[in-house]
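Take a look at the structure set out below.
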Amino acid sequence: MCGIVGYLGNNKASEVILSGLEKLEYRGYDSCGICFFDVAQEAFVTYKDIGRVFHLVNDFNYQYENHLAIGHTRWATHGKPNQLNSHPHFSQNKRFAIVHNGVIENYRELTKKYLPEVHFISETDTEVIVNMIELFVKDMTVEEAIRKTLSLIEGSYALLVIDTHHPECLYAAKNKSPLLIGTGKNGITLASDIMALVGYADQYMPIGDKTFTVCKKDDYGHYIFEIYDIIGLPIHGDFLRMDLILDEIGKAGYSHYMLKEICEQPSVIRNIMEKYLSYDKFTINPEILHLLKSCDRIYILAAGTSMHAGLVGKYLFENIAKIPCEVNIASEFAYNSLLLTKNPVFIFISQSGETADLRACLVKVRELGYKTLTITNVLTSTLAREADYYLEIFAGPEIAVASTKAYVGQIVLLAILSYCLSENKPFDLKLELSKIAVAMEAIIENRDVIHTLVKERIVKRNCFYIGRGLDYYTCLEAALKLKEISYIQTEGFAAGELKHGTIALIEEGVPVIGIISQHAINNSTRANIREVMARGANKIIISLNRVSDPSDEIILMNIEEMLSPILTVVPTQLIAFFAALELGKDIDKPRNLAKSVTVE
Ligand code: G6P
C-alpha cells in the first residue's frame, strides 16, 4: 500500500511528483504529501495533509522553482490518517526528509536503543528511520549513515530520502516493497509503480531488494544514478523500454475507471487470445506445461478477487486438464499446516504481483524447494520476478481499486493453461472465448437495463447472491464487488447452504440474486430461489439463455458452460457499479481499501 515517488532533474520536480501521486493514489488515499527543495529560498518546502491528492494539487503554490522532490500517498498502517502522520517525515533537526512505503517491524527496539532522546512528532514507524540517519551522519557520510540504518531495520520498505546539505541528491532504498527507477532525457524518477513514470521516463528498471540507490548530478550537469547491494558493491541491471502511454492510464471519456475497465473486458479477452495464439493454436511455454503435467497436485494461492479466480481455476484444472488442484487463501496458508502431496506445484495468482501475503508464501514455498508459477497482470512485479515462471494476463493497467478486467483476464488465462494441458480438448477454446467477448458486448451495450434494476430493487441495506457449482464462485466475487464499492452488506452463498442458517436473515424485500449458468444445477438453484421468495425476498435471476425462464431478469447469450464465470460476472460488476453510483459512493477509491496490499 502507499505510493512513493521522487524526482531529480531538469523538469519542475513538484509537477512530476503531483502528477505521479495522482497516478499512484490507487495504492492508498488516506493522506498525501510532497517535499521539495526550493531553489530561491534554498530550503525544503512541505505540503502534507489528510485527504486526496486533488486537494494537494489545488492548494499547491506553483511559483516555486525546484528540481528535487519526494511525494507520498498513504494507506495508514501505523497511526491513524491525520496531518501529523502524513508523509514526508523529518529528522528531529529537520536535516532529512523521508517518504516510506512498508512496515518496519523492529522500530520499537530501535527507538529504545538508538533514539531514546528523540521527540517523535508522528505515530509512524517511518520517523525512526529518518532519525537514525540523522544520528549516524554525525560520524560518517550520508551514504554510510543510510546504509548503516538499512543494516539495522527489519521489515519492508521502499524509501526515498533527501538531505538539506545535498540538495542535488536523491537517496533510495528497497526491501520487499516495490520500487522502480526510470530515466529520461530530463532526469531520474523513482516510484512504487510504473504508472508514475509515464511521461517522464523512456526506460525503467525494477530495483532489487536490499539495495541502496544514489541519484545525483555529475560534473557535466548530467543526472546519474548508482545502485549498491547491501555490502556496497555496485549493481547493474537491465533497463526495459517504457511501453505504457498516457492514454492507457486515462479514463478515455468514461465517468469512472471501473466502468472503463468493465467495458474493456471484451477487448481484454481478444488481446489475451492474440498473445497466446500462435498459428491459430494456443501456446504456453513448454517448460510450464511440462512442470504442471508432471506434478501430482496444483496448489493455487491468492487473495481477494484473485482467490475467486483461483476457485474457477481449480474447476478448470480438474475438469479440463484433469489435474487435482486446491485453492488456499494466501494469508491463511502459513497457518494451515497442509499435508502437501509428494510433487506439488504452486501457482500464485495476483493482479498486482505485489500482495505481501502472497510474497510471504512464495518465499516459504521456495525455501521448501517447490516450483512456483505466478499469474499476474504486472510483468515487472515482485511475484513475477521471484517465481520460477510467470504468465502475464495482458489486461492492461487496472486502476479502479475494485478488480474487474484483471479477474476476467486471470480466468481466461487459466482456461488457456488448462486447455493446453488437456489431452482431449473438450471444445474449441478460441471459438468459445470469441463468443464470450461478443456476449459481453451485448451486456455492456444494454447496461441501462441493469441500472434500472439496481435503482428499483438492489439499493437496500443488504443483499445476497446465491448459486451452485461454478455459479457459486461467481456469487463470491459478485458479493465482494457489491460490498466493497457500495458498502451494502452482501454475502455470496452456495444456494443449498442457505437453509442451514442464513435463510433466517431473509425478510420482506431483501434482494436475492440467483446465478444460473449450468444445466445440472438449474432446478435445484431455482428451488432455493423459490424458498427465499416464499419468505419475502425480492429475486433477480441472471441466467444463460439455454437454462433461462422467461421471468428471469438478466438473460445472457449461450456460451460454453465450463467458461460461464467469465461472462456471468459482468452483470454483477455492473450491479455493483450502478449501486455505488446510486448511493453516491467513491467508486474508484472505496473507503479503507487499496489496490495493492503490500503489508501482511
Ligand atoms: C486488494 C484489492 C483486491 C485484490 C486483492 C488481491 O484487496 O483491493 O481487488 O483482489 O488485493 O490483490 P492481487 O493484486 O494480489 O490480485
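For reference, positions follow the sequence shown, starting with 1. First listed ligand is number 1; within each ligand, the first listed atom is number 1.
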- Salt-bridged, D30 to K80, with N to O below 4.0 Å? no
- Message: Can you work out which protein residues put a heavy atom within less than 4.0 Å of ligand 1?
- Response: A303, G304, T305, S306, S350, Q351, S352, T355, V401, S403, A594, K595, V597
- Does the pair K405 and E398 meet the rule for a salt bridge (charged side-chain N to carboxylate O under 4.0 Å, His left out), with working shown? CA-CA 7 Å; K405 64 174 181 170; E398 188 180 68; over 6 Å; no
- Taking the six-membered ring of F578 (Phe, Tyr or Trp), confirm whether the NZ or CZ of R447 is under 6.0 Å from its centre and within 45° of its axis. no
- Taking the six-membered ring of Y157, is the NZ or CZ of K176 close enough (under 6.0 Å from the centre) and on axis enough (within 45°)? no
- Task: Please name all residues satisfying salt bridge (charged side-chain N to carboxylate O under 4.0 Å, His left out) with E25, sequence neighbours left out, ordered by chain then number.
- Result: K589
- Query: Do the rings of Y299 and F346 sit parallel, tilted or perpendicular, given the 30° and 60° boundaries?
  - Reply: parallel
